[in-house]
Peer 1: 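Would you mind keeping the following structure in view while I ask a few things?
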Amino acid sequence: MTQHLSPPADASLLRADDRAVLRAHFGQRVAFDEPLAPYTWWRIGGPADALVSVDNSDDAAFVLRLCFKRRLPWFVLGLGSNILVGDGGIRGLVLRLGGSFNELGVTAEDDVIVVRAGASVQMALLTAQAASRGARGIESLAGIPGSVGGALFMNAGTDREIGEFVRDVWVHTPAKPDAHPVGVQYYYRHTTLTRDAIVARVTLAFERGDVAVVRAVMQERLVRRKRTQPVGLPNAGSCFRNPPGAKAGALIESVGAKGWRCGGAEVSALHANFIVNVGNANARDVTALLARVRRAVFEARSIDLELEVHLVGEFTAH
Ligand SMILES: Cc1cc2nc3c(=O)[nH]c(=O)nc-3n(C[C@H](O)[C@H](O)[C@H](O)COP(=O)(O)OP(=O)(O)OC[C@H]3O[C@@H](n4cnc5c(N)ncnc54)[C@H](O)[C@@H]3O)c2cc1C
């Protein structure tokens, strides 16, 4: 039976006056000591000291100035499809973008389809709208269940990655709290964006193609995902990055890990690089299973797998 662990009640970093300042600015858009499990795809994670809905540039700048002044940590949460939040939760402020960060516009400029998207736009919506205008290459981003900000931060993709299509990126940073453009380098599942930056919006550009063809390819890929990924159970996509020249899923399958279980966490029988929450898993179960898989692959194949999912917040020892 999996045990749910909570941090001690006095673990919050927020003083009474911090809470008062946040309540005065955000009203009901701030929740204190809020469990994060419902905000993650894995449905796992302890509470945030404060979960704040950041709805516009003024909110973002306000939060960054407050955190800088009070030396409080913050974490930007997207749709929670690539993170494991520790059972002890996250100290400081957890920011969820919405409001004007949800704006999305798709236009045709000569032979280019230009997508302007706020960071909280869902990739599913962006890809559907871009495909309906014939954006070539968008099919590589179809079926990725995160937000635009998360996709950009992770340089998400499949055979092609989002970074390939970026024209500009606007961020808020503690040094420059108002939104400003920034240059970003893109690598396999990571970028030069620093963890203290809040991605506000991006512009993407795609070659213009035939709408029917783009839609058909995208549909085919979505169907393939449904067949090969455990979409019915909470998960966070691929847990480990592919090492050079190999597939993490195949390596994990080769050591017989499919079906291995720790508490409520299980290596998916459908896709070995996915860990599914089969019922009341906590972060300790998942980290124990990740460690077991990693050790087995290292012992059998001398390859040290690297995590793709981000571990965030406070974890308890195994
Ligand atoms: C079923 C499934 C399939 C998946 N398939 C793929 C795939 O094919 N390819 C792929 O690359 N990934 C895949 N993923 C992983 C995941 O969907 C992507 O990494 C996605 O881009 C994460 O976006 P998110 O909004 O959920 O980010 P989160 O998980 O919430 O956050 C991920 C990281 O991004 C940061 N972040 C989020 N928003 C912002 C912002 N506005 N500003 C600054 N930082 C931010 C967070 O701080 C965190 O460090 C899959 C996941 C699942 C569950």
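Note that these values count all heavy atoms, side chains included, but never hydrogens, waters or copies made by symmetry. Indexing begins at 1, ligand by ligand and atom by atom, following the structure's order.
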Peer 1: Side chains of S140 and D159: is there a donor and an acceptor less than 3.5 Å apart?
Peer 2: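 Yes, D159 and S140 have a side-chain donor paired with an acceptor closer than 3.5 Å.
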Peer 1: So does R19 pair up with D49, basic N to acidic O under 4.0 Å?
Peer 2: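 Salt bridge absent between R19 and D49.
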Peer 1: Could you go through ligand 1 and note, for every N or O atom, any protein N or O atom closer than 3.5 angstrom, writing the atom names and distance to 0.1 Å, or 'none'?
Peer 2:
from: ligand 1; atom 1: 5 (N); to: R225; atom 2: NH1; distance (Å): 3.2
from: ligand 1; atom 1: 8 (O); to: R225; atom 2: NH1; distance (Å): 3.4
from: ligand 1; atom 1: 8 (O); to: R225; atom 2: NH2; distance (Å): 2.7
from: ligand 1; atom 1: 9 (N); to: G157; atom 2: O; distance (Å): 2.8
from: ligand 1; atom 1: 11 (O); to: G157; atom 2: N; distance (Å): 3.0
from: ligand 1; atom 1: 11 (O); to: G157; atom 2: O; distance (Å): 3.4
from: ligand 1; atom 1: 11 (O); to: R189; atom 2: NE; distance (Å): 3.1
from: ligand 1; atom 1: 17 (O); to: S81; atom 2: OG; distance (Å): 2.7
from: ligand 1; atom 1: 21 (O); to: A151; atom 2: N; distance (Å): 3.2
from: ligand 1; atom 1: 25 (O); to: L79; atom 2: N; distance (Å): 2.8
from: ligand 1; atom 1: 25 (O); to: S147; atom 2: N; distance (Å): 2.8
from: ligand 1; atom 1: 25 (O); to: S147; atom 2: OG; distance (Å): 2.6
from: ligand 1; atom 1: 26 (O); to: L79; atom 2: N; distance (Å): 3.4
from: ligand 1; atom 1: 26 (O); to: G80; atom 2: N; distance (Å): 3.2
from: ligand 1; atom 1: 26 (O); to: S81; atom 2: N; distance (Å): 2.8
from: ligand 1; atom 1: 26 (O); to: S81; atom 2: OG; distance (Å): 2.6
from: ligand 1; atom 1: 29 (O); to: S81; atom 2: N; distance (Å): 3.1
from: ligand 1; atom 1: 29 (O); to: N82; atom 2: N; distance (Å): 2.8
from: ligand 1; atom 1: 30 (O); to: G78; atom 2: N; distance (Å): 2.8
from: ligand 1; atom 1: 30 (O); to: L79; atom 2: N; distance (Å): 3.4
from: ligand 1; atom 1: 30 (O); to: G80; atom 2: N; distance (Å): 2.8
from: ligand 1; atom 1: 38 (N); to: G150; atom 2: N; distance (Å): 3.3
from: ligand 1; atom 1: 41 (N); to: V199; atom 2: O; distance (Å): 3.2
from: ligand 1; atom 1: 42 (N); to: V199; atom 2: N; distance (Å): 2.8
from: ligand 1; atom 1: 47 (O); to: V76; atom 2: O; distance (Å): 2.6
from: ligand 1; atom 1: 49 (O); to: H310; atom 2: ND1; distance (Å): 2.9

Peer 1: When you measure from the side chain of R23 to the backbone of V30, do you find a donor-acceptor pair of N or O atoms at a distance under 3.5 Å?
Peer 2: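 Side chain of R23 to backbone of V30: a pair is present.
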Peer 1: Kindly assign one of parallel, tilted or perpendicular to the pair H25 and F62, based on the angle between their ring planes and the thresholds 30° and 60°.
Peer 2: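 Plane angle under 30°, so parallel.
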Peer 1: With a 3.5 Å cut-off and sequence neighbours excluded, list the donor-acceptor pairs that the side chains of residues 195-213 form with protein atoms.
Peer 2:
from: R195; atom 1: NH2; to: H310; atom 2: ND1; distance (Å): 3.0
from: D196; atom 1: OD1; to: T194; atom 2: OG1; distance (Å): 2.7
from: T203; atom 1: OG1; to: D168; atom 2: OD1; distance (Å): 2.9
from: T203; atom 1: OG1; to: D168; atom 2: OD2; distance (Å): 3.4
from: E207; atom 1: OE1; to: R136; atom 2: NH1; distance (Å): 3.2
from: R208; atom 1: NH1; to: D110; atom 2: O; distance (Å): 2.8
from: D210; atom 1: OD1; to: A212; atom 2: N; distance (Å): 3.1
from: D210; atom 1: OD1; to: V213; atom 2: N; distance (Å): 3.0

Peer 1: Taking E109 first and then R167, would you say they form a salt bridge - that is, a charged N and a carboxylate O separated by under 4.0 Å?
Peer 2: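 Salt bridge between E109 and R167, a charged N being under 4.0 Å from a carboxylate O: yes.
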